[in-house]
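First comes the structure, then the notes that go with it.
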Amino acid sequence: MKIKSELSKIIEKALNSANIKAKEIVISDATKSEFGDYQFNGVMRLAKELKRNPREIALEVVEHIDTTGMVSKVEVAGPGFINIWLNNEWLAEVTTDILDDKRVGVGFVEKPKRVVVDYSGPNMAKQMHVGHLRSTIIGDTLATLLEFLGDEVIRQNHIGDWGTQFGMLIAYLEEQNTDGNTQELKDLEQFYKDAKVRFDQSEEFANKAREYVVKIQSGHKHCLELWQSFIDASLGHCEEVYEKLNVNLTRDDVRAESFYNEQLSKILESLKEKNISTTSNGAECVFLEGDENPIIVQKSDGGFLYATTDLAALYFRANILKAKRICYVVDARQAQHFKQVFTIAKIAGLVGEDVSLEHIGFGTMMDKGGKPFKTRDGGVIKLVDLLDEAVVRAKDAIKDRDVHSKEELDAVAKAIGIGAVKYADLSISRESNYIFNWDKMLSFEGNTSLYMQYAYARIQSILRKYNAEVNGKIIIGDEIEHRLAVMILKFEDTLVKSAIEATPHTITSYLYDLVTVFMKFYELNPILRDDIEEEIKISRLQLATLTGAVIKKGLEILGIEVVDKI
RNA sequence: GCACUCAUAGCUCAGCUGGAUAGAGCAACGGUUUGCGGUACCGUAGGUCAGGGGUUCGAAUCCCUUUGAGUGUACCA
């Protein structure tokens, strides 16, 4: 339910009736429950323009507000706030209506767009490490969310499969004669290190590696085959991680760096033609106003750099894929790079004016001491290891819980462990750095996935215990049920906000608030006790069912599973 | 050097298109169970929103400045 826009309409109507013109009507959540459910604060601004007393205007507006349907009560408070209460009958009706709705009352965006979401982007030369976690899960959430709201989403996994290091790797691969065998390449990190050692030690090998770089890039058959087998094996590792992470990225979403290789010279030509780039110190550069250093689009030795590849990718996404919104879910440290690339793409006409280019930046994962997250000896932490540890720890956290068969326990531990890692990450506003803490993320308390999953499991437990079909409507009987119903209906506004700002933590905060209200409701209002009237019992069961459905859907968008029993 | 980001309770974080007495969780202290999962719920205490100035009827939020932390800055991605 798009509550805010519905309320805006009601206010707009009232303003019209009162003969007051307003440009924009912004409805905000009430800051306190005693101030109602929502509030309209725009009167104060209007008062200034109209040079009138704000309270006077507010009273006038309030008089014209329709309180026969959605809104039950309005009042003017303070200097001119208009507080709005939603009607219980209306809430009951609307929540009852969405009981059978798979989308739990969430509609579609009015104007669906084609959106490219670029995320994950692992480097094929190395194993995925914790640094890839954020891009992968924030991007995946954004993609799932936009899709759910009705946009047409094209996922793009811009994997790093091109560059000088691959000469070294395939030369080593050939020498080891492993043929891209996944078994042999199990530890990519080690493979890379070994290759590097060989590279540094043997002049002969180093020359061969350099030779191979040229050979791949010029399309030499044997080298390309070796390269391809290496990429396949490496991608296989990534897919294992995606599987564990419950992330929706497949081979169809892969559009590697090498894919753009052939386009690079065309991009360069077009930049030269339009006099956007110039030669400086032998390199082809773009000098942007306000930047002291240029963006190099071609090295002095003729090689291309990532800025050129990104320009080619932007061109492809805007013109071939025809996206109207392109989101790059990449580390915040690359903000400057994207700002520059976006600017060049726009002035060079590589993407249309109407295409929105967004760098969805995120901060770094830190350890308890506030330093970048590393292993004890300073190495990178492999993502697979981190995820496996999460599942082990989850199993430990639930060992005294409800009875499970061995299979059930494994499944539950996976849902909880992986969910905890993802939720902990997604619940932090994405631009800031965050501190990784196992104990905190695997706690039943506070804003954690386990708290949500626990609430969900309790709801399922009630429904199991009732053990009959729940059929009947919702009645809003008291304050807490009112608050719960409002929270349930806020789901859509929350998702829309999260989609526009590309902020998964908007969803987690909402879910936490929802669950908190539900837990209060659960404490205050007994559901299955014998002396509860059937009609009320059904209504409360329905509210619980609906809450469960929203939790499930919300977590699903975050790529986190729920379980019926913990 | 220049540019960007950040600074909110002891800790971890929300709140930032300006709105009422700045909110959660953890940790501390106290309370609630014949009621459906108590790993729950309720309460107490804890704040100069880094410092200073400005704009405004109104600033954690916008602008300027100081301090502190981080990041990026010509041929890696």
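To find a chain, count down the sequence lines: A is the first, B the second, and so on, and within it residues start at 1.
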Considering every strand and a 4.0 Å limit on heavy-atom distances, what is the contact class for Tyr512(A): base, sugar-phosphate, or nothing?
sugar-phosphate
Complementary nucleotide of rA69(B), counting Watson-Crick and G-U pairs under 3.5 Å
rU5(B)
Donor-acceptor pair, side chain of Ser432(A) and main chain of Ser429(A), under 3.5 angstrom
yes
Taking the side chain of Arg45(A) as heavy atoms from C-beta outward, which of rA20(B), rG18(B), rU12(B) is closest to it?
rG18(B)
Ring centres of His337(A) and Tyr306(A) under 6.0 Å apart?
yes
Within residues 295-317 of chain A, the residues having a heavy atom closer than 4.0 Å to RNA chain B are Ile296(A), Lys299(A), Ser300(A), Phe304(A), Leu305(A), Tyr306(A)
Under 5.5 Å centre to centre and under 30° between planes: does that hold for Phe81(A) and the six-membered base ring of rA20(B)?
yes
In this structure, how many angstroms lie between the P atom of rC11(B) and the CD1 atom of Ile428(A), rounded?
16 Å
Set out, in order, the CA-CA distance, both residues' side-chain angles and the distance that settles side-chain contact (heavy atoms from CB on, under 4.5 Å) for Lys490(A) and Tyr510(A), then state yes or no.
CA-CA 9 Å; Lys490(A) 264 185 192 175; Tyr510(A) 163 79; 3.9 Å; yes
What nucleic acid atoms does Gln334(A) come within less than 4.0 Å of, heavy atoms only: base, sugar-phosphate, or nothing?
base
What does Asn437(A) touch in the nucleic acid at a heavy-atom separation under 4.0 angstrom: a base, only the sugar-phosphate, or nothing?
nothing
Indicate, with a heavy-atom threshold strictly under 4.0 Å, whether Ala457(A) touches base, sugar-phosphate, or nothing.
base
Return the value, rounded to whole Å, for the distance between atom CD of Glu34(A) and atom P of rU21(B).
11 Å
Write down the distance separating the C1' atoms in rG19(B) and rG58(B), rounded off to the nearest Å.
7 Å
Let's see if you can work this out: which of rA74(B), rG38(B), rC41(B) has an atom nearest to the side-chain heavy atoms of Pro294(A)?
rA74(B)
What residues form a side chain to side chain donor-acceptor pair (under 3.5 Å) with Asp478(A), not counting sequence neighbours?
Asn525(A)
Give the rounded distance in Å between these two atoms: CG of Asn447(A) and P of rC11(B).
20 Å
C1' atom, rU34(B) versus rA60(B): distance in rounded Å?
49 Å
Sugar-phosphate only, base, or nothing, as touched by Lys339(A) at under 4.0 Å among non-hydrogen atoms
nothing
5' priority, RNA chain B, between Lys368(A) and Lys48(A) [closest heavy atom]
Lys368(A)
pair_partner(rC41(B)), Watson-Crick or wobble, both distances < 3.5 Å, evaluates to rG31(B)
Remember a base hit wins even if backbone is also touched, and classify His505(A) as base, sugar-phosphate or nothing at under 4.0 Å, heavy atoms.
sugar-phosphate
Rounding to an integer number of angstrom, what distance separates rU33(B) and rC42(B) when you compare their C1' atoms?
13 Å
Answer yes if the side chains of Thr279(A) and Glu284(A) hold a donor-acceptor pair under 3.5 Å, and no otherwise.
yes
Could you pull out the protein-nucleic contacts involving nucleotides 30-35 of chain B (nitrogen or oxygen on both sides, under 3.5 Å)?
{"unit_1": "rG35(B)", "atom_1": "N7", "unit_2": "Arg529(A)", "atom_2": "NH1", "d": "2.8"}
{"unit_1": "rG35(B)", "atom_1": "N1", "unit_2": "Glu523(A)", "atom_2": "O", "d": "3.1"}
{"unit_1": "rG35(B)", "atom_1": "N2", "unit_2": "Glu523(A)", "atom_2": "O", "d": "2.1"}

Side chain of Arg333(A): nearest nucleotide among rA14(B), rU71(B), rU56(B)?
rU71(B)
Would you mind reading off the distance between Ile462(A) atom CD1 and rA40(B) atom C1', rounded to a whole angstrom?
12 Å
When you compare rA77(B) with rA40(B), how far apart are their P atoms, in angstrom units rounded to a whole number?
50 Å
Assert yes or no for the condition that the ring centre distance of Tyr451(A) to Tyr454(A) is strictly below 6.0 Å.
no
What does Glu257(A) touch in the nucleic acid at a heavy-atom separation under 4.0 angstrom: a base, only the sugar-phosphate, or nothing?
sugar-phosphate
Apply side-chain hydrogen bond (donor to acceptor under 3.5 Å, both in side chains) to the pair Asn261(A) and Gln217(A), showing each step before the final yes or no.
CA-CA 9 Å; Asn261(A) 196 41; Gln217(A) 305 210 341; 5.7 Å; no
Checking contacts here: which listed nucleotide (rG19(B), rG38(B), rU73(B)) is nearest the side-chain heavy atoms of Asn293(A)?
rU73(B)
Assess the residue pair Tyr119(A) and Asn157(A) against the criterion (side-chain hydrogen bond (donor to acceptor under 3.5 Å, both in side chains)); give the C-alpha distance rounded to whole Å, side-chain angles, the decisive distance to 0.1 Å, and a yes or no.
CA-CA 6 Å; Tyr119(A) 66 104; Asn157(A) 192 357; over 6 Å; no
Please confirm whether the ring centroid of Tyr512(A) lies under 6.0 Å from the ring centroid of His505(A).
no
No-hydrogen, no-angle side-chain donor-acceptor test under 3.5 Å, Ser498(A) and Thr506(A)
no
With rounding to whole Å, what would you report as the distance between rC13(B) and rU17(B) at their C1' atoms?
23 Å
Just the rounded figure in Å: distance from C1' of rC13(B) to OH of Tyr451(A).
16 Å
Is the base of rA20(B) touched by the side chain of Asn83(A) through a donor-acceptor pair closer than 3.5 angstrom?
yes
Which part of the nucleic acid, if any, lies within contact of Ala77(A), taking any heavy atom under 4.0 Å across all strands shown: a base, the sugar-phosphate backbone alone, or nothing?
base
If only side-chain N and O atoms count, and only distance matters, is there a donor-acceptor pair under 3.5 Å linking Ser427(A) with Asn447(A)?
no
When we call it a touch if two heavy atoms are under 4.0 Å apart, what does Ala455(A) touch: a base, just sugar-phosphate, or nothing?
nothing
Rounded distance in Å between the C1' positions of rC16(B) and rC2(B)
27 Å
Using a 4.0 Å heavy-atom cut-off, does Asp564(A) contact any base of the nucleic acid, only the sugar-phosphate backbone, or nothing at all?
base
Could you state the atom-to-atom distance from CD of Glu56(A) to C1' of rC57(B) in whole Å?
16 Å
Same-atom distance (P) from rG38(B) to rU71(B), integer angstrom:
47 Å
Provide, to the nearest angstrom, the distance between the NZ atom belonging to Lys497(A) and the P atom belonging to rA14(B).
12 Å
Students often get this wrong, so: under 4.0 angstrom with heavy atoms, is Ala283(A) touching a base, only sugar-phosphate, or nothing?
base
Is Leu450(A) touching bases, backbone alone, or none of the nucleic acid, heavy atoms closer than 4.0 Å?
nothing
In whole angstrom, what separates Ile538(A)'s CD1 from rC36(B)'s P?
19 Å
Donor-acceptor pair under 3.5 Å: do we get one between Thr516(A)'s side chain and the base of rA24(B)?
no
Sugar-phosphate only, base, or nothing, as touched by Ser432(A) at under 4.0 Å among non-hydrogen atoms
sugar-phosphate
rC26(B): pairing nucleotide in any strand, Watson-Crick or G-U under 3.5 angstrom:
rG10(B)
Could you give the distance separating rG30(B) and rU8(B) at their C1' atoms, to the nearest angstrom?
28 Å
With a 6.0 Å cut-off on ring centres, are Tyr212(A) and Phe166(A) close enough?
no
Would a 4.5 Å heavy-atom cut-off, applied to side chains only, mark Ile418(A) and Val391(A) as touching?
yes
